[in-house]
> 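The structure's right below; bear with me while I get my questions together.
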2 protein chains.
Amino acid sequence: MQSIKVSVDAVVFGYDPEEGVSVLLITRKYEPFQKFWALPGGLVKDEESLEAAVKRELKEEAGIDVTYLEQLYTFGKPERDPRNRVVSVAYYGLVRPKDYHISAQTDADDVAWFNIKKLPRLAFDHKNIVEIAIKRLRGKIAYEPIGFELLDKKFPFSDLEKLYQVLLDRDVDRRNFKKKIMSYGFLEELPESIQRSAGRPAKLFQFNKKKYFELQERGYNFDLFI
Amino acid sequence: MQSIKVSVDAVVFGYDPEEGVSVLLITRKYEPFQKFWALPGGLVKDEESLEAAVKRELKEEAGIDVTYLEQLYTFGKPERDPRNRVVSVAYYGLVRPKDYHISAQTDADDVAWFNIKKLPRLAFDHKNIVEIAIKRLRGKIAYEPIGFELLDKKFPFSDLEKLYQVLLDRDVDRRNFKKKIMSYGFLEELPESIQRSAGRPAKLFQFNKKKYFELQERGYNFDLFI
DNA sequence: CCAAAAGTGTTGTTGTTACACCCATGC
DNA sequence: GCATGGGTGTAACAACAACACTTTTGG
């Protein structure tokens, strides 16, 4: 008779042009790894789908609703949970941190965003899971447009540029990058401008949802190798 | 108390220049879906890793040892098994069918290769799983060298060409394809030739394992968009 | 008038595609 | 000598990378 438990874990990425890319973490209320930072997640209920389980846990533990979630990988080494065998299906999601007020709920003591370059020690094999999610996110932006989920509705072009620079961890030529992005036609220039600090005010842009999702569907045909 | 079972399923692809790409299937010995064709797989044991479980099931049901396996996706809809809740972690693998003698073992009545264009009705949601695996395989060959696992040790260049044509499901320009593949340097030309039917004898090639795996490691840097 | 950030084109280089004829063999 | 499959190069075109100065604003 099998006695393996099934859980889900979520790696939710947020992006802020000032802060860079961060991950949502909670502190564990109970043993094992009590008070350690960990990914939101928990056991799947008998009647709910895996995706429903992730969404429920995110709501229960961090108080947020994440709409964009994708399955990442399933972690199933027998020794990954010290108590008993737990197979965990990990998901990753993208959100704009500003859109949410995160707050510790019943199942967690604390909730916070951590920059992916300054992660604390994590419970279980969660460090490994986060690393794999970052790798996936980096890979993904090379062949699919990402940004819709991570940027404000209206944003200056430099925000998108910074997002790619942070995720790819290297410089990107401003002129070539803009040329390429604009050639796909999923970005619209607005008549408005903003100025967020010194310097010339920046025109605002927004995604053309229809074209954006059309391109996202096509997947690997989209060739955004920067 | 959670009562979800964890299983694994394997989509093993084989390739033969004459036959094209095929998938390994078994017939189920027991209910539900008794006598239906299905993917090899079964429940994970409490102490074994997911990958060990797939390998064990492939041995038990089809009598083969598959070395190259990758996790595909985890299927967890509550209704996918009519008896009880089963979350299944699917893997896919690549082999040279000729290297193996497949044979029905204790847990299966029959084992056979099926061309991916002529699949029978499958048990559970296995049709869906196979479709997703084919999509993944197609995507993968666009950015990683594949062939080592699917072709003979020594093969004429046209075998590789046919493999790509079958997987991509379209014509590939022979001259351009050869130019591109050879430019990566993971293929070595041998002094030998073979002649398999009418026509001029073909020079044999083999993979330079070292360079091949170096390129495979790099993953998406490898740009084999044909 | 200086500092800060935004905006904008051209050119050389590289990679991609399209395309057709000759070669070696068996029958 | 003909049918079969193998082998090979070039030229036009498209995509990519490198590169620096001007504009608009606030202080």
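Below, read A as the first sequence line, B as the second, and so on, with proteins coming before strands; counting in each chain starts at 1. Small disclaimer: the values here were computed from a predicted structure and weren't measured.
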> Could you say whether A:N176 or A:Q195 is positioned toward the 5' end of DNA chain D, judged by the nucleotide with the nearest heavy atom to each?
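Of the two residues, A:N176 wins.
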> With rounding to the nearest 0.5 Å, note down the distance linking CZ in B:R136 to CZ in B:F13.
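Here the rounded value is 10.5 Å.
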> Does B:D169 pair with B:K117 as a salt bridge, N-O distance under 4.0 Å?
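Counted as a salt bridge, because a side-chain N and a carboxylate O are separated by less than 4.0 Å.
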> Please name all residues satisfying side chain to side chain donor-acceptor pair (under 3.5 Å) with B:K211, sequence neighbours left out, ordered by chain then number.
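Partners of B:K211 under the side chain to side chain donor-acceptor pair (under 3.5 Å) test: none.
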> So what does A:R174 touch, heavy atoms closer than 4.0 Å: a base, only the sugar-phosphate, or nothing?
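The answer is base, as A:R174 lies within the cut-off (heavy atoms under 4.0 Å) of a base atom.
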> Picking from B:L167, B:L168, B:V166, what satisfies side-chain contact (heavy atoms from CB on, under 4.5 Å) with B:Y164?
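Of the listed residues B:L167, B:L168, B:V166, the side-chain contact (heavy atoms from CB on, under 4.5 Å) partner of B:Y164 is B:L168.
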> To the nearest Å, give me how far apart CD1 (A:I181) and P (D:dA15) are.
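Rounding to the nearest Å, CD1 of A:I181 and P of D:dA15 are 16 Å apart.
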> Using whole Å, report how far CD of A:E192 lies from P of C:dA6.
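It is 17 Å, rounded to the nearest whole Å.
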> Measure CZ/A:F157 against C1'/C:dG7 and give the value in whole Å, please.
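Nearest whole value for this atom pair: 11 Å.
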> Grab the CZ-P distance between A:F177 and C:dG7 for me, whole Å please.
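The answer, rounded to whole Å, is 14 Å.
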> Quick one: B:M182 CE to C:dT16 P, roughly how many Å, whole number?
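Atom-to-atom, B:M182 to C:dT16, this comes out as 17 Å.
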> Between A:R200 and A:K179, name the one whose nearest nucleotide on DNA chain C is closer to the 5' end.
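It is A:R200, whose closest nucleotide lies nearer the 5' terminus.
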> Assess whether one donor atom and one acceptor atom, taken from the side chain of A:R175 and the base of D:dA20, lie less than 3.5 Å apart.
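In this structure, the two groups form a donor-acceptor pair.
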> Just the rounded figure in Å: distance from P of C:dA6 to NZ of A:K203.
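Going from A:K203 (NZ) to C:dA6 (P), I get 12 Å.
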> Select base, sugar-phosphate, or nothing to describe what B:K178 touches, counting heavy atoms under 4.0 Å on all strands.
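Sugar-phosphate: the residue B:K178, judged by heavy atoms under 4.0 Å, touches backbone atoms but no base.
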> I need the CD1-P distance between B:I194 and D:dG7, as an integer number of Å.
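Rounding to the nearest Å, CD1 of B:I194 and P of D:dG7 are 10 Å apart.
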